[in-house]
**Q** 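My questions all concern the structure below.
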Amino acid sequence: MPLSWNEIRSRAVKFANEWKTESSEASEAQTFWNEFFNVFGITRRRVATFETKVHPRPDKGGIIDLLWKGTLLVEHKSFGKDLDRAYQQAIDYFPGIEERDLPQYIIVSDFARLRLYDLDLKKTHEILLIDLPQHIELFAFIAGYENRSFGQEDPVNAKAAARLGELHDMLKESSYKGHKLEVMMVRLLFCMFADTTGIFQRGQFREYLELRTRKDGIDLGLHLELLFEVLNQIDDERMKHLDEHLTAFPYVNGKLFEEQLPIASFNMEMRDKLLDCCGLDWSRISPAIFGSIFQSVMDPVERRHIGGHYTTETNILKALNPLFLDDLQLEYKEKKNNHRALKALQRKIAGIKILDPACGCGNFLSVAYKELRRLEIKILLELRKDTPELFSLETATAVNISQFYGIELKEFPSQIAQVSMWLTDHQMNIEAANEFGLEKSSIPLKTTPNIICENALTYKWSDLILPNELTYIVGNPPFVGAKHLDAEQTTDRNRVFNGTPNSGILDYVCCWYRLAAEYMENNPRIKAAFVSTNSITQGEQVGALWGDLIKRSVRIIFAHRTFQWMSETRGQAVVQCVIIGFALNGDQEKWLFEYENPKSEPKAMLVSQINPYLVDAPTILLSNRRSPICDVPEIGIGNQPIDNGYYLFTPVEKNEFLQKEPTAKKWFRKWIGADEFINEFERWCLYLKNCSPHEIRSMPYVKARVDAVREFRLKSIRSSTRELAQRPTRFQVENTPESDYLVIPGVSSEMRIYMPISFVSTDILSSNANFVIGEANLFHFGVLTSFMHMAWVRAVAGRLESRYRYSKGIVYNNFPWPDPTPRQKTSIENAAEEVLEARKKWSSATLADLYDPVTMPPNLVKAHRKLDRAVDAAYGKRSFSSEAERVAFLFAKYQEIASPLLPKERKRPRPRRKK
């Protein structure tokens with residue numbers, strides 16, 4: 001562990017006051033730097049082992065005064081010499097230095113002045129030697145103290161993943177694989193992190209590898225195993241005649257190095273790769289994200305898309321802050337001047353216990369621990385004011401990593417999670433030491449996080465921690481949609497929701513909600529929060545999941561509405577997420593976080609209630625209705641041929657077919673699915689519903705198509721399809737309105753402000769990828785294409801990936817239509833007509849062109865806004881402050897309309913009195 005700041009400052013005062021700068025000569029430079037490094041508890045002899053004593057500059061030749069490989073280059077000049085020239089001389093050495101040995105810092109000095117260049121941050125600091133004690137923090141890196149901001153886009157993250165990945169692959173190719181490889185990678189990760197963060201003396205691990213192993217790498221495996229054994233032994237148990245480099249390593253404990261591994265075989269290339277890894281500045285990698293980086297090390301495909309693994313601290317805090325951190329910070333502010341109350345608050349946070357039942361690499365647990373430690377540091381800074389002379393950071397700190405619990409399915413991430421917690425603990429010890437000027441040792445490891453490798457859906461959570469001991473449940477369970485579950489996941493879900501109606505449509509994440517609710521029944525004071533795909537708050541899943549949870553007294557206490565998770569991921573689809581906080585009681589403030597768009601910052605709103613659709617409205621679960629709740633035309637899907645494509649043609653295919661079968665021309669009708677409708681792609685359908693048997697037999701190429709459809713249907717595993725084979729010219733679903741009809745695409749981009757809806761001629765066939773309204777008029781078109789209806793769609797419709805998936809039973813049939821006056825209805829019809837006219841002015845544009853938010857014509861935007869005002873007026877509203885308020889209004893309207901339609905609750909008969 002580094003010297004305490006008080007000791008370092010004391011040494012700096014002595015050095016600065018006693019060194020006679022003006023009388024110094026160049027020959028005294030070695031003595032100067034010996035004493036300088038001694039300030040930080042580092043002997044120049046240790047640094048000198050990293051020194052390149054003769055290192056020619058490519059142009060003029062010369063000798064580097066001091067090179068601490070990968071850390072620091074020093075160029076020293078006589079008193080009063082030009083430091084700019086000294087800096088340029090230092091830079092001139094760089095071409096002759098290996099990349100992994102390039103320094104992060106340069107110091108140039110003339111005895112009286114010290115100029116520090118931070119090459120990573122591109123910052124320069126110059127001080128007088130006499131002022132060194134006041135600026136000692138600038139040189140914290142020498143002692144192992146470093147305050148870094150951690151950015152997920154920091155290039156060192158990608159370099160770390162790439163280099164470790166290459167080393168992993170080399171070991172695997174040498175037949176060192178499986179569990180032993182995973183443990184080896186975790187241990188190397190710990191050692192490299194320890195090497196740059198003060199757990200070891202800075203560069204100690206790298207120094208041992210460079211000085212004590214052969215360049216051909218043959219003995220590297222032996223030395224690593226010997227080192228791991230030493231790290232697992234207290235000083236008294238170590239062999240007396242160990243190499244001095246080994247005895248200098250501290251005892252680590254924590255069982256990290258307890259297991260004896262088979263000795264790995266290395267070669268020169270593998271040794272160089274490990275040294276390349278050691279050459280990175282691991283202090284720049286936050287433990288909150290490094291676990292995700294190194295999980296990718298195990299998968300070369302994932303490694304190429306490393307950005308996809310980051311769960312940013314910003315997103316993690318979206319769950320942690322409203323769950324408990326905001327309340328704790330508020331309590332601290334209220335009690336800041338009451339030290340007795342502050343001590344009680346410290347005891348409170350030291351008693352908090354947190355479980356992440358899908359912990360992965362421990363991101364949520366690491367961030368939660370860090371935030372609790374930071375709050376404790378603030379408390380201790382206040383408490384120290386009472387008796388500063390008696391204050392001990394070692395004994396005053398109460399929050400520790402044993403308060404954290406995690407369940408992870410895979411072994412390697414679970415190991416990474418444990419190491420992540422240890423390293424976060426070390427970082428917080430450094431942060432505390434910086435604040436107090438006191439030392440708090442991170443090793444030997446005295447406490448251990450409770451991370452286990454189990455399937456959280458089959459493991460009994462109470463075996464890890466009893467419900468009456470737990471405070472919070474939080475995490476980010478797997479994003480796997482219901483249709484993408486593998487056999488094992490399907491079995492897990494069916495077991496968790498055994499007997500729950502419609503559970504077959506539920507996403508995998510729903511299992512964690514159900515198990516958390518069951519666990520919380522044994523301690524209703526527990527609060528929970530999960531990050532989830534937004535699909536569990538939309539479409540049919542709402543009724544299936546939340547109907548079950550509400551029966552178990554689950555209430556939503558805060559929620560982030562849809563936002564973009566991992567938005568800058570390269571090569572991976574964007575995930576639209578929500579965060580839902582819940583408890584078994586609703587006796588607390590409820591906060592709803594609204595996003596103007598999925599990429600924007602959230603706006604917090606204090607609300608009275610939050611329903612499963614994440615709006616401030618009564619708890620309503622929309623049923624999958626067969627007919628509309630209002631007096632409007634019925635809606636249905638378009639035509640569904642089940643023909644294996646034999647009746648569908650591109651324009652080229654149609655022309656080629658008619659050249660062979662010209663009499664079939666009258667049986668072709670234009671065909672539109674959602675894609676053809678929105679983008680105006682041309683397709684055709686051979687529609688033989690009214691074609692007589694005689695005519696079919698007279699057209700051999702047509703008959704061949706009919707025969708092919710029949711054969712295709714006969715091979716189906718579905719009995720209804722095999723039965724349909726007896727009518728090969730008919731469709732499974734036939735929906736051909738007798739007049740022009742309204743088409744709503746079944747799927748539409750979430751980027752559009754308005755869903756493209758339009759009237760279509762009766763001679764065009766619409767596929768089952770669209771919804772069809774046969775008796776629609778301008779009024780119906782106007783309401784359905786309005787912002788009011790789109791707000792309803794965004795709130796309750798299901799999703800295909802992130803796109804809106806319209807539906808009959810949930811979206812259309814539950815939509816609360818306005819009840820306009822004749823005048824209001826006319827206003828809507830007139831405004832709807834203007835929308836259609838605005839479209840006609842751009843006759844060459846497709847609906848995709850017209851409703852792209854970037855290219856939408858101004859006249860069409862203006863027409864839609866007029867229509868929106870007309871529709872809002874028909875609802876008796878002039879404006880809404882947010883979409884959440886608009887949706888809440890629609891839910892209230894729905895409740896008003898639907899209440900008389902809901903089944904009455906049966907009254908239980910009174911029990912008869914016994915005679």
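For clarity, every value in this text was computed on a predicted model and none was experimentally measured.
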**Q** So, Thr846 and Asp849: side-chain donor and acceptor under 3.5 Å apart, yes or no?
**A**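 Result is yes, a qualifying pair exists.
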
**Q** Evaluate the ring planes of Phe563 and Tyr595, with Trp represented by its six-membered ring, and classify them as parallel (under 30°), tilted (30 to 60°) or perpendicular (over 60°).
**A**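 Parallel: the ring planes of Phe563 and Tyr595 meet at under 30°.
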
**Q** Determine whether a donor-acceptor pair (N or O, by modelled atom type, separation under 3.5 Å) exists between the side chain of Arg713 and the backbone of Leu724.
**A**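 Flag set: sc Arg713 to bb Leu724 pair under 3.5 Å.
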
**Q** Can you classify the ring geometry of Tyr754 versus His864 as parallel (below 30°), tilted (30 to 60°) or perpendicular (above 60°)?
**A**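 If you compare the ring of Tyr754 with that of His864, the planes turn out parallel.
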
**Q** Check the orientation of His780 and Trp817. Use parallel for under 30°, tilted for 30 to 60°, and perpendicular for over 60°.
**A**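 His780 vs Trp817 ring planes: perpendicular.
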
**Q** Apply the test salt bridge (Lys or Arg N to Asp or Glu O under 4.0 Å) to residues Arg710 and Asp707: give CA-CA distance (whole Å), side-chain angles for both, the deciding distance (0.1 Å), then the verdict.
**A** CA-CA 5 Å; Arg710 182 175 180 276; Asp707 290 339; over 6 Å; no

**Q** Are Phe891 and Tyr613 near enough that their ring centres are under 6.0 Å apart?
**A**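 Here the rings of Tyr613 and Phe891 have centres that are less than 6.0 Å from each other.
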
**Q** What closest approach, in Å, do Asn690 and Trp667 show between heavy atoms, and which atom pair accounts for it?
**A**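 Minimum heavy-atom contact is O-CH2, 3.6 Å.
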
**Q** Are the side chain of Ser766 and the backbone of Asn770 linked by a donor-acceptor contact shorter than 3.5 Å?
**A**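 Looks like no, no N/O pair under 3.5 Å.
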
**Q** Report, as yes or no, whether the 6.0 Å neighbourhood of atom CD on Glu411 holds more than 12 heavy atoms from other residues, nucleotides or ligands.
**A**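 Counting other residues, nucleotides and ligands, CD of Glu411 exceeds 12 neighbours.
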
**Q** Do Ser692 and Glu695 have side-chain N/O donor and acceptor atoms under 3.5 Å apart?
**A**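 Judged by distance alone, the side chains do pair up.
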
**Q** Rounded to the nearest 0.5 Å, what's the gap from OG on Ser749 to CG on Asp852? Could you check?
**A**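 Those atoms lie 8.0 Å apart.
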
**Q** Starting from the C-alpha separation in whole Å, work towards a yes-or-no answer on ring-ring contact (aromatic ring centres under 6.0 Å, His included) for Phe759 and Phe781.
**A** CA-CA 8 Å; Phe759 288 102; Phe781 166 76; 5.6 Å; yes

**Q** So, the side chain of Gln659 versus the backbone of Glu656: is there a donor-acceptor pair under 3.5 Å, distance only?
**A**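 It does not hold such a pair.
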
**Q** Does Glu518 come within less than 4.0 Å of Arg514, counting only side-chain N to carboxylate O?
**A**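 Salt bridge flag = yes for Arg514 with Glu518.
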
**Q** Step by step, would you call Arg803 with Glu750 a salt bridge (Lys or Arg N to Asp or Glu O under 4.0 Å)?
**A** CA-CA 5 Å; Arg803 293 170 290 165; Glu750 78 284 0; 5.9 Å; no

**Q** Under a 4.0 Å N-O cut-off, is there an ion pair linking Arg805 with Glu540?
**A**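 Salt bridge flag = no for Glu540 with Arg805.
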
**Q** Determine whether the side chains of Arg495 and Thr491 contain a donor N or O and an acceptor N or O closer than 3.5 Å.
**A**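 No, because no side-chain N or O of Arg495 sits under 3.5 Å from a partner of the opposite role on Thr491.
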
**Q** Flag this pair as yes if the NZ/CZ of Lys654 is under 6.0 angstrom from the six-membered ring centre of Phe649 and inside a 45 degree cone about the axis; otherwise no.
**A**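 No cation-pi geometry.
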
**Q** Say you draw a straight line from CD of Gln732 to CD1 of Ile642; how long is it, rounded to the nearest 0.5 Å?
**A**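 So the gap between those two atoms works out to 4.0 Å.
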
**Q** In Å and rounded to the nearest 0.5 Å, what is the CD1 to CZ distance from Ile897 to Phe815?
**A**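 Rounded to the nearest 0.5 Å, the CD1-CZ separation comes to 9.0 Å.
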
**Q** Does a salt bridge link Lys715 with Glu711, judged by any charged N lying under 4.0 Å from a carboxylate O?
**A**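 No, Lys715 and Glu711 are not salt-bridged.
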
**Q** Step by step, would you call Thr729 with Lys689 a side chain to side chain contact (heavy atoms under 4.5 Å, CB included)?
**A** CA-CA 6 Å; Thr729 60; Lys689 177 181 177 180; over 6 Å; no

**Q** Determine the interplanar angle of the Tyr519 and Trp461 rings, folded into 0 to 90°, and report it as parallel if under 30°, tilted if 30 to 60°, perpendicular if over 60°.
**A**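 Because their plane-to-plane angle lies in the 30° to 60° range, the rings of Tyr519 and Trp461 count as tilted.
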
**Q** Are any side-chain N or O atoms of Asp356 and backbone N or O atoms of Ala358, one a donor and one an acceptor, separated by less than 3.5 Å?
**A**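 Yes, because the side chain of Asp356 sits within donor-acceptor range (under 3.5 Å) of the backbone of Ala358.
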
**Q** Which residue is it: Phe582, Phe497, Tyr508? I am looking for the one with a ring-ring contact (aromatic ring centres under 6.0 Å, His included) to Tyr513.
**A**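 Testing Tyr513 for a ring-ring contact (aromatic ring centres under 6.0 Å, His included) against Phe582, Phe497, Tyr508 leaves exactly one candidate, Phe582.
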
**Q** Do Thr619 and Asn611 have side-chain atoms, one donor and one acceptor, less than 3.5 Å apart?
**A**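 Per modelled atom types, Thr619 and Asn611 side chains form no pair under 3.5 Å.
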
**Q** Verify, without hydrogens or angle tests, whether Thr650 (side chain) and Glu653 (backbone) share a donor-acceptor contact under 3.5 angstrom.
**A**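 Side chain of Thr650 to backbone of Glu653: a pair is present.
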
**Q** Where the side chain of Thr762 meets the backbone of Pro737, is there a donor-acceptor pair that is under 3.5 Å apart?
**A**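 Yes: the side chain of Thr762 pairs with the backbone of Pro737.
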
**Q** Return yes if some donor-acceptor pair links the side-chain N/O of Asn639 with the main-chain N/O of Asn735 below 3.5 Å, else return no.
**A**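 A pair under 3.5 Å: yes.
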
**Q** Between Leu614 and Ile580, is a side chain to side chain contact (heavy atoms under 4.5 Å, CB included) present by the stated rule, with each step listed?
**A** CA-CA 9 Å; Leu614 307 189; Ile580 300 176; 4.2 Å; yes

**Q** Counting neighbours of CG on Asp463 that are heavy atoms of other residues, nucleotides or ligands and sit closer than 6.0 Å, is the number greater than 12?
**A**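 More than 12 heavy atoms, drawn from other residues, nucleotides or ligands, come within 6.0 Å of this atom.
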
**Q** What is the distance from atom SG of Cys511 to atom CG of Leu545, rounded to the nearest 0.5 Å?
**A**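 Interatomic distance, Cys511 SG to Leu545 CG, rounded to 0.5 Å: 9.5 Å.
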
**Q** Validate the cation-pi geometry between Arg794 and Phe787: distance from NZ or CZ to the six-membered ring centre under 6.0 Å, angle to the ring axis within 45°.
**A**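 Checked: cation-pi criterion met.
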
**Q** When you measure from the side chain of Glu676 to the backbone of Arg683, do you find a donor-acceptor pair of N or O atoms at a distance under 3.5 Å?
**A**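 Side chain of Glu676 to backbone of Arg683: no pair is present.
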
**Q** Checking the side chain of Glu454 only, and the main-chain atoms of Tyr459 only, is there a donor and an acceptor separated by less than 3.5 Å?
**A**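 No, because the side chain of Glu454 does not come within donor-acceptor range (under 3.5 Å) of the backbone of Tyr459.
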
**Q** Dump the intermediate steps for side chain to side chain contact (heavy atoms under 4.5 Å, CB included) on Tyr701 and Lys660, then the final yes or no.
**A** CA-CA 8 Å; Tyr701 289 99; Lys660 296 182 289 185; 3.8 Å; yes

**Q** Is it true that Glu521 and Arg552 have a side-chain N and a carboxylate O under 4.0 angstrom from each other?
**A**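 Yes, Glu521 and Arg552 are salt-bridged.
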
**Q** Could you go through the side chain to side chain contact (heavy atoms under 4.5 Å, CB included) check for Tyr806 and Ile635 one step at a time?
**A** CA-CA 11 Å; Tyr806 203 82; Ile635 191 173; 4.0 Å; yes

